[in-house]
Amino acid sequence: MNMKTLEDVFIHLLSDTYSAEKQLTRGLAKLARAASDEKLSAAFNAHLEETQGQIARIDQIIEQEPKIKIKRMKCVAMEGLIEEANEVIESTEKNEIRDAALIAAAQKVEHYEIASYGTLATLAEQLGYPAAVKLLAQTLEEEKETDLKLTDLAVGNINKSAEKR
């Protein structure tokens, strides 16, 4: 995509994020199955549902603002992050060590999403899309909450159990 305006940058980033979320829905289901800890598996499943809502919010942004037309593209960053998580699954047994590594992989994803949604919300505000700002900020807060939940799971018991192995 040839970007010549701030609007072009916003559309490019929104398109990229849309692709990332679509890819993540498949990745989260796999993470949930790969986790040995029930709470971690439940957290991945909960985030999967949340991610589907986040995709719906991007759809709302597109519906509400006729000037915004996302492009078909593949988010290579998310593709790489998911590949890293797959490598964790393939190189570990289903136990606390894998769970600790899955949390680390998932938090990389969350930090990428936090950066993406923070940037998108700022651009939407600068471009005069108040409805988009609200929707993007809502997703940004969910991503931050998910990151905190993953940290709580890691330091609460999973990393301690992994350390004892």
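Note that the structure is predicted; figures quoted are calculated from it, not measured.
- At a threshold of 4.5 Å between non-hydrogen side-chain atoms, the residues F10 and T5 do not count as touching.
- Nearest approach of V133 to A121, heavy atoms of both residues: CG2-O, 3.8 Å.
- Checked for salt-bridge contact, R57 and E21 miss the test: no charged N lies under 4.0 Å from a carboxylate O.
- Side-chain contact check for E79 versus V76: some heavy-atom pair is nearer than 4.5 Å.
- Between the K94 side chain and the R33 main chain, a donor and an acceptor come within less than 3.5 Å of each other.
- When hydrophobic clusters are built by joining Ile, Leu, Val, Met, Phe, Trp and Tyr residues whose side-chain heavy atoms come closer than 4.5 Å, directly or via intermediates, M73 is not grouped with L13.
- Contact record, I58 with Y18: CG2-CD1, 3.3 Å, taken as the closest heavy-atom pair.
- For A100 against A162, the heavy-atom pair with the smallest separation is CB-CB, 4.3 Å.
- Side-chain atoms of T146 and L150, non-hydrogen and from C-beta on, do get closer than 4.5 Å to each other.
- At most 12 non-hydrogen atoms from other residues, nucleotides or ligands lie less than 6.0 angstrom from NZ of K74.
- Neither I55 nor Y112 shares a network with the other; the hydrophobic side chains, linked directly or stepwise wherever heavy atoms of I, L, V, M, F, W or Y lie under 4.5 Å apart, form separate groups for each.
- If you take CD on E7 and CG on L127, they are separated by 5.0 Å, rounding to the nearest 0.5 Å.
- In terms of hydrophobic clustering, with Ile, Leu, Val, Met, Phe, Trp and Tyr side chains grouped at heavy-atom distances under 4.5 Å, I114 and L81 are assigned to different clusters.
- For the atom pair NZ of K30 and CG of L48, the computed distance is 14.5 Å after rounding to the nearest 0.5 Å.
- How far CD1 of I70 is from CD1 of I11: 10.0 Å, rounded to the nearest 0.5 Å.
- Within a 6.0 Å sphere centred on CD of E125, other residues, nucleotides and ligands contribute 12 heavy atoms or fewer.
- Rounding to the nearest 0.5 Å places OG of S19 at 11.5 Å from CG of L14.
- Checked for salt-bridge contact, E163 and K160 miss the test: no charged N lies under 4.0 Å from a carboxylate O.
- Here the closest non-hydrogen pair linking M78 and V109 is CE-CG1, 3.7 Å.
- Screening E142, E113, Q138 for a side-chain hydrogen bond (donor to acceptor under 3.5 Å, both in side chains) with Q54, the sole residue that qualifies is E142.
- Side-chain atoms of D8 and N2, non-hydrogen and from C-beta on, never get closer than 4.5 Å to each other.
- Separating the CG atom in L135 from the CD1 atom in I61 is a distance of 5.0 Å, to the nearest 0.5 Å.
- With hydrogens and angles ignored, the 3.5 Å screen pairs no side-chain donor or acceptor of T92 with any backbone N or O of R98.
- Transitive grouping of hydrophobic side chains (ILVMFWY, heavy atoms separated by less than 4.5 Å) keeps I97 and I158 in distinct clusters.
- A donor and an acceptor atom, one from each side chain of S36 and D99, are located under 3.5 Å apart.
- No hydrogens or angles considered: nothing links the side chains of T139 and E143 as a donor-acceptor pair under 3.5 Å.
- Hydrophobic cluster membership is shared by I103 and L24, with clusters built from Ile, Leu, Val, Met, Phe, Trp and Tyr side chains linked at under 4.5 angstrom.
- A 4.5 Å side-chain heavy-atom check between K149 and L153 finds every atom pair outside the cut-off.
- Closest of all the heavy-atom pairs between A85 and L102 is O-CD2, 4.4 Å.
- Between the side chain of E110 and the backbone N or O of K144, no donor-acceptor pair lies under 3.5 Å.
- Interatomic distance, OH of Y129 versus CG of L136, reported as 12.0 Å (0.5 Å rounding).
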